[in-house]
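Contents: one structure, followed by commentary.
When reading the values below, keep in mind they use all heavy atoms of this one structure, side chains included, and skip hydrogens, waters and symmetry mates. Naming: A, B, ... by sequence-line order, numbering from 1 per chain.
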Amino acid sequence: MEMAKTYNPSEFEKEIYEDWEKQGCFKAKVDAEKLPFTIVIPPPNITGQLHMGHALDETLQDTLIRFKRMQGYSALWLPGTDHASIATEVKIVEQMAKEGLTKKDVGRDGFLERAWAWKEKYGGRIIEQLKLLGSSCDWSRLSFTMDERCSRAVKEVFVNLYDKGLIYRGDRIINWCPDCKTALSDAEVEYVEEDSHLWYIRYQIKDTDDYITVATSRPETMFGDTAVAVNPKDKRYKGLEGKTLILPIVNKEIPIVYDDYVELEFGTGAVKITPAHDPNDFEVGLRHNLPVVKVLNDDGTMNDNAGHYSGMKALECREKVVEELKEIGAFVKIEPLHHNVGHCYRCHHTVEPIVSKQWFVKMEPLAKPAIDAVRKKSVKFTPERFSKIYFNWMENVKDWCISRQLWWGHRIPAYYCEDCGEMTISKEDVKVCPKCGGTHIKQDEDVLDTWFSSALWPFSTLGYPEITEDLKYFYPTDVLVTGYDIIFFWVARMIFSGIEHMQRIPFKNVLIHGLVRDSQGRKMSKSLGNGIDPTEIIAKYGADTLRFSLINGVAAGSDMRFSDEKLEGARNFMNKIWNASRFVLLNAEGKKILPIKDVKLTVADKWIITRLNKTVKDVTINMEKYEMGVALANLYDFVWSDFCDWYIEFTKPVLYGEDEVKTTETVSVLIYVLDKIIKLLHPFLPFITEQIYKNMPETNGFLMLSEFPKYETKQNYSVAVSEIETVKEIIKTVRNVKAKTGAAPSKKITLYVSTEKQSAIKAGISYIKKLAGVSEVKFIKDKSELTEKIISQVIDKAELYIPLGELVDFDKEIERIKKELENVENEIARASGKLANKGFLDKAPKALVEQERLKYDKFIDMREKLNKQLKDLT
RNA sequence: GGAGACGUAGCUCAGUCGGUUAGAGCGCUCGCUUCACAUGCGAGAGGUCUAGGGUUCGAGUCCCUACGCCUCCACCA
């Protein structure tokens, strides 16, 4: 096979993925000989389309799992999707609306039928998109939060928690979305700052002409007022104990109560208490045994308790009530108010606090061990700072409202006997009442919060509640990769669920990444229309380019800006890899490749092998720390700068020369290094590397199943490395002089060198000639041996003299030397200052002091030479 | 109100345990049709590391204060 002249990913990505899948490369086996390494995917919603957030999340996971797989672990990346209760239900309702149908029209069974059909049709879409990215998920284990296995786990957990008294049902104030018509958990409410008003209304004290003025932001809820509260310390309201107020408009009598909750400074210091529609008022109501009067319907309209406002929308009612209060003289004043208003995280409709009967998980006993697990580092967050956010939430967590008034989801396994009223909680369907034997049984209408099932994901997907081989081998999982926006919804709940039901943490590490923003730093959103479709990028640039641009140089946990420039940079790197590989493979054609140990290594060979070894080490260490951005940046630098810009250039004099033996040896080293490069790059860039691997001589099987390079600890080529560094410096210096003086780069010059270390330069003489455009290198003792006009350059350990004839501008040269001298003087001052400092000599590490001494000597030497040069010129 | 980040080149960002002459990519300037690659090669310019104080032999890095910008949590009607 021959490599195509240009990098064209669309020609091979699909085929390679199919091959991997066909050959079972993604399948993880329970293998006692190997250590397991497990990642469960954060299950994307079945309603979802792949977006950049997914692309980042999946790329990180795929990179890790491929790395571990190549390191010899039995690596399982377990994929699946989430039924996304609210999000999906909203879509089905929308779809039905187009046909003029409502949920009521089709009924529960009819609705679920449609939902399942919808899931069959669209649920797999995102899976196909994940494949385009190159995700090496074990598709044979594909799960779904509502499949049989996960549903069984949900029932098991519900019953367990209920039996332990950790699930209860009761009338509590919850967040109600009037649009979705369901309860929401606290985490599902987003607060948005809004401008509103504070209305001051006076309530008459019964049998007097006195009034108490209350301040409220929601006048329409006054019909639900069952008291007015004041602070017991408030002197303004002394002696009102036991007095009764007349609620305006409805003329209902309500008591005055004293409660610490009331702030003295805010408003008038008197608060109307509406237990049914405010969480704080609800608490006050409990403390003072106040009745709970609801005034809102589930759709956000006023109910019959609002008298003649019944049926009106809350906001409309607000205006009308204020008007009426004005008419009857109960209105005092209005003030602007800036406050936060809760909105539904799915439909963004304003959320109403409403009292209703819901199911709750008691959080305190569950949160405690989950906090300990993170505190004791059984679960580690990367970056570490996110554990603080976790603690902050967990330590103040309230009971979790888990019932939703929806149909798409896990129906709550509570059964009510219509004959005797008995409630039975059961994993199995209940047909006969265990108490009275009655057969009129009705299951609870509500379903569970989506996050209730996702909380079980790390073990429900592995077989729980059955203790399967998979569960024993792959649990606990190793790392969970997700965005910081989902720590409360999901990460926290998985941690306490794993501890509670498996008696073990669900994962050892949590790798948190940031958001992918647009080039201006804005969140990508539908409303802004600034979203980028990853599949379009893959179609245009290929998956590897996308993966590279998402990972390279990005620090864990921080947001990133995504831009065309970034993509182009990534694409250019793919092109670089492609062409460097082509160069190596074209030169290797027909050559016998020697094992590296049979090659007589040149200094350049030793240098690149040393650099390679260092890169293997850096990449490995950074991968272990989940610093994928740093690891990939290391590789980028090594491949482009060291391998392409220097080493490949070093090989050219040999490859284009006559020496057959040397050519064979050089090609062998090139192949050796390229082989390591594509292995190192493979976790990040699976397609291009696999494609190159296909073209490598003497390979079989897949690159993705090959072994990840290991680094040597004993290797010592320090002499060669320092020689090559000197050679590089000489080449750069000559190039610099040519550029500065305007000499054509192609103009061959004779290079005179004065040095005590000729061996270094002799070893690299062919490189200097080729890469610096030098015809001859001559060693001299002193500049005085030269009669031509020259430019001299001081480098570490040597002085270079470059004759350029009439081209030399001596004034500029003097200026340059002066500047250089200034630089060196600064360094000498810095170094000598350090070395004169007793504290530094005493306390700094010895190696560092020694290093500083060497530097000092070097700069002194340079100063001497520069001064001499300056003298020669003036 | 509570918490957490961030502030480094024109732009986007790295900078690991406190120790290098503070780095990269893009952009910019100059030069190059060098036989893998112009999606390239070579050479450059560009920095008071937001400001001030402290700890230290030594601070871009640790601590404090201020300013600027961002995010999360809480939710006083």
Side-chain angles (χ1 to χ4, degrees), chain A residues 3 5-7 186 191 198 214-218 221 229 261-263 265-268 270-274 278-281 337 339-342 383 385-386 388-389 391-393 396 484-485 487-488 514-515 519 521 552-555 557-561 563 565-566 568-587 618 621-622 625 627 629-630 633 636-637 641 644-645 648-649 652 656 731-732 735-740 742-746 770-771 773 823-824 826-827 830-831 834 837-845 847-849 851-852 855 859:
Chain A
M3 278 179 77
K5 269 201 170 140
T6 50
Y7 167 63
D186 292 339
Y191 287 89
L198 198 56
V214 299
T216 178
S217 62
R218 301 176 68 206
T221 62
Y261 143 73
V262 183
E263 295 277 331
E265 285 79 26
F266 194 90
T268 62
V271 190
K272 62 194 260 321
I273 300 297
T274 321
D278 183 281
N280 291 303
D281 291 7
L337 177 72
H339 67 163
N340 285 335
V341 177
R385 66 171 186 273
F386 288 102
K388 286 182 194 162
I389 292 177
F391 290 137
N392 193 18
W393 189 75
N396 300 300
Y484 56 68
D485 49 338
I487 292 176
F488 312 127
L515 262 38
S519 59
N552 185 47
V554 177
S558 52
D559 293 355
M560 64 170 298
R561 293 185 193 213
S563 61
E565 288 73 37
K566 219 165 236 176
E568 273 166 27
R571 189 267 321 265
N572 293 352
F573 185 52
M574 296 313 116
N575 192 58
K576 193 74 185 174
I577 295 168
W578 187 262
N579 278 295
S581 304
R582 263 186 69 222
F583 174 84
V584 173
L585 293 168
L586 286 173
N587 280 291
D618 289 346
I621 288 172
N622 279 308
K625 291 195 295 191
E627 293 273 14
V630 180
Y636 176 90
D637 193 46
S641 310
C644 293
D645 287 349
I648 282 186
E649 295 306 319
K652 284 179 180 174
Y656 299 144
I731 292 166
K732 282 182 175 183
R735 284 170 173 172
N736 177 287
V737 167
K738 284 187 177 177
K740 277 266 159 79
S746 53
K770 172 87 181 169
L771 301 188
N823 227 342
V824 169
N826 283 340
E827 286 309 312
R830 193 193 52 79
K834 262 191 167 179
N837 186 331
K838 202 158 173 291
F840 176 72
L841 296 176
D842 290 348
K843 292 182 184 173
L848 207 71
V849 176
Q851 201 183 307
E852 202 58 47
K855 258 192 263 172
F859 288 124

When you compare B:A59 with B:G19, how far apart are their C1' atoms, in angstrom units rounded to a whole number? 10 Å

Taking only the C1' atom of each, what is the distance from B:C63 to B:C72 in whole angstrom? 25 Å

Are any of A:Arg561's side-chain N or O atoms less than 4.0 Å away from OP1 or OP2 of B:C13? yes

Shortest non-hydrogen pair, A:Ala215 vs A:Gly267, comes out as CB-CA, 4.1 Å

Reckon A:Asn837 touches a base, only the sugar-phosphate, or nothing at all at heavy-atom distances under 4.0 Å? sugar-phosphate

Quick one: on RNA chain B, does A:Ser581 or A:Gly839 contact a more 5' nucleotide (nearest heavy atom)? A:Ser581

Looking only at side-chain atoms of A:Asn579, point me to the closest of B:C37, B:A43, B:C75. B:C37

In whole Å, I'd like the distance from the CG atom of A:Leu586 to the P atom of B:C37. 10 Å

Not counting sequence neighbours, list each pair that qualifies as a side chain to side chain donor-acceptor pair (under 3.5 Å) and has a residue in residues 570-585 of chain A. A:Asn575-A:Asn579, A:Asn579-A:Arg582

Answer with base, sugar-phosphate or nothing: what part of the nucleic acid does A:Glu568 contact at a heavy-atom distance below 4.0 Å? nothing

Considering only atom P, compute the distance from B:G68 to B:C30 and round it to an integer number of Å. 41 Å

In whole Å, measure the gap between the C1' atoms of B:U20 and B:C35 for me. 39 Å

Contacts of A:Tyr484 meeting side chain to side chain donor-acceptor pair (under 3.5 Å) (sequence neighbours excluded), chain-then-number -> A:Asp559

Rounded to whole angstrom, note down the P distance from B:G2 over to B:C67. 15 Å

Within the 4.0 Å heavy-atom criterion, would you say A:Asp645 contacts the bases, only the backbone, or no part of the nucleic acid? sugar-phosphate

Candidate nucleotides B:U39, B:C75, B:A36, ranked by approach to the side chain of A:Asn575 - the nearest: B:U39

Would you please confirm or rule out a distance under 4.0 Å between OP1 or OP2 of B:C41 and any side-chain N or O of A:Lys576? yes

So how far is it from A:Leu337 CG to A:Phe266 CZ, rounded to the nearest 0.5 Å? 5.5 Å

Tell me which nucleotide among B:U16, B:G42, B:A36 gets nearest to the side chain of A:Lys625. B:U16

Residue list, side chain to side chain donor-acceptor pair (under 3.5 Å) with A:Arg385, at least two apart or on another chain: none

I need the CG-C1' distance between A:Asp485 and B:A5, as an integer number of Å. 16 Å

Which of these nucleotides, B:A77, B:C35, B:G19, is closest to any side-chain atom of A:Phe266? B:A77

Which whole-number value in Å describes the distance from A:Lys652 NZ to B:C37 P? 8 Å

Given B:C73, B:A14, B:G42, which nucleotide is nearest the side-chain atoms of A:Ser558? B:A14

Write down the distance separating the C1' atoms in B:C17 and B:G25, rounded off to the nearest Å. 27 Å

Does the side chain to side chain contact (heavy atoms under 4.5 Å, CB included) test come out yes or no for A:Ile389 and A:Phe488, once each step is laid out? CA-CA 9 Å; A:Ile389 292 177; A:Phe488 312 127; 3.6 Å; yes

Picking from B:C73, B:A77, B:A36, which would you name as closest to the side chain of A:Tyr261? B:A77

Would you mind reading off the distance between A:His339 atom NE2 and B:A74 atom P, rounded to a whole angstrom? 17 Å

Please report the interatomic distance CD(A:Glu852) to CG(A:Leu848), rounded to the nearest 0.5 Å. 7.0 Å

Length of the line joining A:Arg218:CZ and B:C75:C1', which is rounded to integer Å: 13 Å

Could you tell me which non-hydrogen atom of A:Leu198 sits nearest to which non-hydrogen atom of A:Ser217, and how far apart they are? CD1-N, 3.9 Å

Closest to the A:Asn340 side chain, choosing from B:A74, B:A36, B:U16: B:A74

What would the secondary structure line of RNA chain B be in dot-bracket form, counting Watson-Crick and G-U wobble pairs under 3.5 Å, with [ ] for pairs that cross earlier ones and | for pairs with another strand? ((((.((..((((.....[...)))).(((((.......))))).....(((((..]....))))))).))))....

Its contact letters, B for base, S for sugar-phosphate only and - for none at protein heavy atoms under 4.0 Å, make nucleotides 21-32 of chain B read B---SS------

Roughly how many Å is it from CG in A:Asp186 to P in B:C75, rounded to a whole number? 7 Å

OP1 or OP2 of B:C73 sitting under 4.0 Å from any side-chain N/O of A:Tyr484? no

Side-chain N or O of A:Lys388 versus OP1/OP2 of B:C72: is the shortest distance under 4.0 Å? no

Answer with base, sugar-phosphate or nothing: what part of the nucleic acid does A:Val262 contact at a heavy-atom distance below 4.0 Å? base

To the nearest 0.5 Å, atom CD of A:Glu565 lies from atom CD of A:Glu568 at 6.5 Å

Reckon A:Ala229 touches a base, only the sugar-phosphate, or nothing at all at heavy-atom distances under 4.0 Å? nothing

In chain order, what residues pass the side chain to side chain donor-acceptor pair (under 3.5 Å) check against A:Thr221, with sequence neighbours excluded? A:Lys272

Give one of base, sugar-phosphate or nothing for A:Pro845, where a contact means two heavy atoms less than 4.0 Å apart. base

Step by step, would you call A:Phe386 with A:Ile487 a side chain to side chain contact (heavy atoms under 4.5 Å, CB included)? CA-CA 9 Å; A:Phe386 288 102; A:Ile487 292 176; 3.8 Å; yes

Syn or anti for B:C17, taking syn as within 90° of 0? syn

Separation of atom CE in A:Met574 from atom C1' in B:G40, rounded to whole Å: 16 Å

Identify the two heavy atoms, one from A:Phe840 and one from A:Lys834, that lie closest to each other, and give their separation to 0.1 Å. CD2-O, 3.3 Å

Which part of the nucleic acid, if any, lies within reach of A:Ile648 when heavy atoms closer than 4.0 Å are counted: base, sugar-phosphate only, or nothing? base

Calculate the interatomic distance between A:Glu263 atom CD and B:A77 atom C1'; express it in whole Å. 10 Å

Which nucleotide sits closest to the side chain of A:Arg571: B:G4, B:U39, B:G19? B:U39

If you look at every strand shown and take non-hydrogen atoms under 4.0 Å, does A:Phe488 touch a base, only sugar-phosphate, or nothing? sugar-phosphate

Donor-acceptor pair between A:Ser641 and A:Asp637 side chains, under 3.5 angstrom: yes

